[in-house]
Amino acid sequence: MPPQDKSDTTTVTRNAENRPDDRYDAQRVEPKWFDRWQQDASLYAAERDSTKKKYYVLEMLPYPSGVLHMGHVRNYAIGDALARYMWMNGYNVLHPMGWDSFGLPAENAAISANTPPREWTLGNIANMKAQMKRLGFAYDWSREVTTCFPEYYRWNQWFFLKLYEQGLAYRKNSKVNWCPKCATVLANEQVVNGCCWRHEDTLVEQRELEQWFLRITKYADELLRDIEKLGHWPEKVRVMQRNWIGRSEGTLVDFKLDGNAGPAGATISVFTTRVDTIFGATSVLLAPEHPLVADCTRYNQPLGAAVQQLITEQRKAREAGDIGEIEKHGVNTGRYAINPYNGEKVPIWVANYILMDYGTGAIMSVPAHDDRDYEFAKKYKLEIRLVIVPVADDPEETVTEPPLPFTTLKGSLINSGRFSGLMCEEAIQKMAAEAEKNGFGKATVTYRLKDWGISRQRYWGTPIPMLYCEKDGIVPVPEKDLPVILPENVSITLAGGSPLGKVPEFVNATCPKCGGPARRETDTMDTFVDSSWYFYRYTDARNDHAPFDPKTAQYWFPIDQYIGGVEHAILHLIYSRFWTKFMRDMGMIKNDEPVERLFTQGMVIKDGAKMSKSLGNVVSPDEMIARYGADAARLYSLFAAPPDRDLDWQDSGIEGIQRFLGRVYRFVVRNAKPEHPDWRKPVPPQLPPPVRAIQRKLHQTIKRVSDDFQGRWHFNTCISAVMELVNVLYGAEEAIAQSAVPVPLLADVQRNLVLLLAPFSPYLAHELWEMLGEKGSILKASWPKYDPALAKEEEIEIPVQVNGKLRGRIVVPADSTEDFVLDRALADEKVAAAIAGKQIVKNIYVAGKLVNIVVK
RNA sequence: GCCGGGAUGGCGAAAUUGGCAGACGCAGCGGACUUAAAAUCCGCAGGUCCGAAAGGACUGUGGGGGUUCGAUUCCCCCUCCCGGCACCA
């Protein structure tokens, strides 16, 4: 009996023979729901002042590059499924979206296409937003954040002023990474293998510039320590952050310069993690760019030339990203330093493997106990002096001449004066204490993490709200004068420094202190500033007197689930953590960390390679929507692989998903009978076995899908489970045709089937929900609950092994005793044959799982 | 070099706590429906060997070893692939 075609909402088209067309046409159904959803802006709005439990699910906001790619679709399909699931479980869900819309590509477009960055960006946003809506993602668009709007970036400026007030933003002259293609500086984090993170073939140059820095290093220790709190982050990301912060405990030791070497009283400070080996130091090595080197080379042309050579070698190696493999070279300065522990004079060398930007740029060289120093000393025939010997459990066996270099900490000191005989770790403590007591050093901690340089010599970014007055120097723009608006109609080139510097109306300003003329800062902020706090803005996106309301933020934070690509494991996620800690110390928020759970989804690849235009293997979401529909594209991106693994896109795979959606649709079209008098009656408690099997499968499926949402998020297996359920339903079609399946059960199984699909394929779910006679959005319906008693199998099949080899299977009631199962197993014909004439050593029964009979 | 992750049919994958390896899907093959095709529905399907068939034997989760009644799963060694870090003193 076909459903009546009288509803004005659900339309089942009919074919030539006037039978209902049970073929699922996504191109008919999806636009219908799309239009309805468009008309209801409140559909996915998070509730203010809710008494419900909150859930904040967030996908990383995209850069509006022009069009969505499959990686976006996958990312958002995961988040959307979770958001819908949480809605159906009664949570007050915050699921927002926005645009990381400042950045260089807009300027490049301006240069190549002569389109103003703002226009280009807003056009892309409009396009991508339309794509997202067409894909059916359930975002609260009333909270949309667009970082290039003054309403947003004024708060970047406001935060900057706060950072400046607290000494966390400061200006200094320093060597910076310069990308010639971007025509701007890069933060350390943005340099990949010596190249620009955006231009992987472009070597980064070193330039000397005045720059604004944020003092992220103030939080280095806390950022490291709190990684422990991120228990629901992928271990991989936690390790990467730990390495990036690079905490290292050691000792600073000052070596005095000998006699006439350098200015009187001058010292070379070295950093070492192995001060216990210092009696084995046979030279001091300086980085080629160490300030003292300049002093040594001033009146020594040949030495200067040699040092210049070392600088060049080091720079080349760094740029090529293989500083680790640099061939060690060095040159003797001819001067000496004095080891404060034993008064010994050691030569000062300059070496190309010493880095100026780590530690103090100077080391003590201990060839006997360091691989690198050993190699260097061998090459230049420097003295190698053993000061640590291994300690064996049996003192008789203690080796006195270990193979060199001997670098472990499991040893004791020799030839080390009053420290001889101490164990290494104890010696490190005592020697550091002595240095401190005598004023020639101290225990210290060094980080690899550097302060965050945020100045960019580009146009399309947040203007840094600072002024330079001839009289008053650096003066912050007063808070009341924010925002400093980014001017329009600026001619953009990649040459000649900051484009804003060429706009007199922008540059020329008045000093708020003295009223005299002042020059405006013309650099803009790194766009990672924008994304460091945007998720707080979502909680209160239209606030125009503060970045957000602290109370509201406190309700929503921390983010319950953050989802994005692993490529942001360091940059974005470390800056965000820093920003949160800074805001906490300002009293704006109470949470120490922004993100409770982080999920990093795998890449979408095709034919074994990352999708790229040059490989010609790009799959376009628009094309997938046009061919298969949004639901199919989304469902396939969840089905083809577990979400944390890379996904190999196969066009034939999505066809299978399209078939599956058609199968579901067809089943419901044929079996929805909401007008039937029994349709809403409760399912009878006693069902005959073949029908009971349907009910059992239903409850098993609900359990599997629910468990996965709570646990490991393997949506691919969730969808498989629903497919199995559908296969069972098709197997029952004959029974249904003969009215052997009670209508209440038929209704129940269809309702639940559609509910189970609601997080994954919203268009189809909404269509079928309506077809089943249900009113209102399926999002407002409750997630199905399974009944363990109904999910339970009454009879189970148990494999029987003999000596671990499968020999037979028996079917027994699920509550059988061990004795009963074993009896039945031994009675099995094939099992009996396999054990005939042998002696049974042991019977193993794993309840409900397996029997193994051990014979000999 | 160090730290992660991975390797399972022709392909994407599954096996959640040590217990039937290959669920589910794709591609393939066979059948039904059709004048025919598409669509749809049903069935078969790791490999090798024996058998006309029913069925049976052996073998099989990158390679080698171990623990166990039993290992894709735990332990040791090795190979390859992907990602990250790397003279960080």
Side-chain angles (χ1 to χ4, degrees), chain A residues 22-23 192-193 234-240 242-244 246-248 250 270-274 277 285 287 314 317 321-328 351-355 357-366 370-373 375-376 446-448 566-567 569-570 602-603 605 608 636 639-642 644-657 659-660 662-663 666 704 707-708 711-712 714 716-724 726-727 730-731 733 797-806 808-809 830 841-855:
Chain A
D22 60 6
R23 191 183 294 197
V192 179
N193 285 336
E235 181 58 17
K236 177 190 183 141
V237 173
R238 306 197 315 157
V239 168
M240 282 165 77
R242 223 174 264 135
N243 290 341
W244 187 263
R247 185 179 198 271
S248 174
V270 306
F271 175 72
T272 177
T273 55
R274 291 297 305 272
T277 65
L285 305 184
Q314 187 178 83
D322 61 356
I323 183 76
E325 272 104 62
I326 192 171
E327 194 184 333
K328 291 180 182 52
N352 64 355
Y353 70 95
I354 309 302
L355 309 170
D357 56 11
Y358 185 78
T360 59
I363 66 156
M364 61 175 197
S365 175
V366 185
D370 182 281
D371 295 304
R372 300 151 297 180
D373 296 344
E375 188 188 334
F376 189 75
T446 296
Y447 296 93
R448 211 183 80 101
V566 74
E567 64 273 19
I570 296 174
M603 283 190 304
I605 58 175
Y636 178 66
F639 175 71
D644 53 339
R645 280 219 239 157
D646 285 354
L647 184 161
D648 197 345
W649 190 275
Q650 294 181 342
D651 285 342
S652 58
I654 191 172
E655 283 174 23
I657 286 293
R659 262 198 291 270
F660 165 68
R663 240 165 115 77
R666 236 181 334 269
R704 281 184 65 183
D707 286 355
D708 243 313
R712 50 174 210 166
H714 280 195
N716 54 331
T717 58
C718 290
I719 296 163
S720 299
V722 179
M723 287 174 171
E724 286 183 45
V726 171
N727 290 346
Y730 268 77
E733 277 222 299
E797 189 186 69
I798 299 207
V800 182
Q801 298 181 337
V802 176
N803 284 351
K805 284 198 175 183
L806 184 69
R809 298 164 201 278
K830 285 178 192 156
V841 178
K842 195 159 138 192
N843 290 322
I844 291 156
Y845 174 55
V846 183
K849 287 268 171 70
L850 152 147
V851 171
N852 189 12
I853 298 162
V854 186
V855 298

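The chains referred to below are lettered A, B, ... by the order of the sequence lines, with proteins before strands, and numbering in each begins at 1. This one's a predicted model, so the numbers in the text were calculated from it and none came from an experiment. Reckoned from all heavy atoms, side chains included, excluding hydrogens, waters and symmetry mates.
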Chemist: Which residues pass the salt bridge (charged side-chain N to carboxylate O under 4.0 Å, His left out) test with A/Arg663, sequence neighbours left out?
Modeler: none
Chemist: Sticking with atom P, work out how far B/rG46 lies from B/rG22, rounded to a whole angstrom.
Modeler: 9 Å
Chemist: Applying a 4.0 Å non-hydrogen cut-off, can you work out what A/Asn716 is touching in the nucleic acid: base, sugar-phosphate, or nothing?
Modeler: sugar-phosphate
Chemist: Can you check whether A/Asn243 reaches A/Met240 side chain to side chain, under 4.5 Å on heavy atoms?
Modeler: no
Chemist: With sugar-phosphate meaning primed atoms plus P, OP1 and OP2, does A/Pro234 contact a base, only sugar-phosphate, or nothing at under 4.0 Å between heavy atoms?
Modeler: nothing
Chemist: Anti or syn, where syn is a glycosidic angle within 90° of 0; which label fits B/rG25?
Modeler: anti
Chemist: Measure from the side chain of A/Lys849, starting at C-beta and using heavy atoms only, and say which of B/rG19, B/rG84, B/rC41 lies closest.
Modeler: B/rG19
Chemist: Within the modelled atom types, does a donor on one side and an acceptor on the other bring the side chain of A/Asn243 and the base of B/rC85 under 3.5 Å apart?
Modeler: no
Chemist: So what does A/Asp373 hit on the nucleic acid, given a heavy-atom distance under 4.0 Å: a base, only sugar-phosphate, or nothing?
Modeler: nothing
Chemist: Contact class for A/Phe639 (heavy atom, under 4.0 Å): base, sugar-phosphate, or nothing?
Modeler: base
Chemist: Remember a base hit wins even if backbone is also touched, and classify A/Gln801 as base, sugar-phosphate or nothing at under 4.0 Å, heavy atoms.
Modeler: base
Chemist: If you check the A/Arg448 side chain, which of B/rC85, B/rC24, B/rC41 turns out closest?
Modeler: B/rC85
Chemist: Quick one: which of B/rC20, B/rC26, B/rA14 gets closest to the side chain of A/Ser652?
Modeler: B/rC26
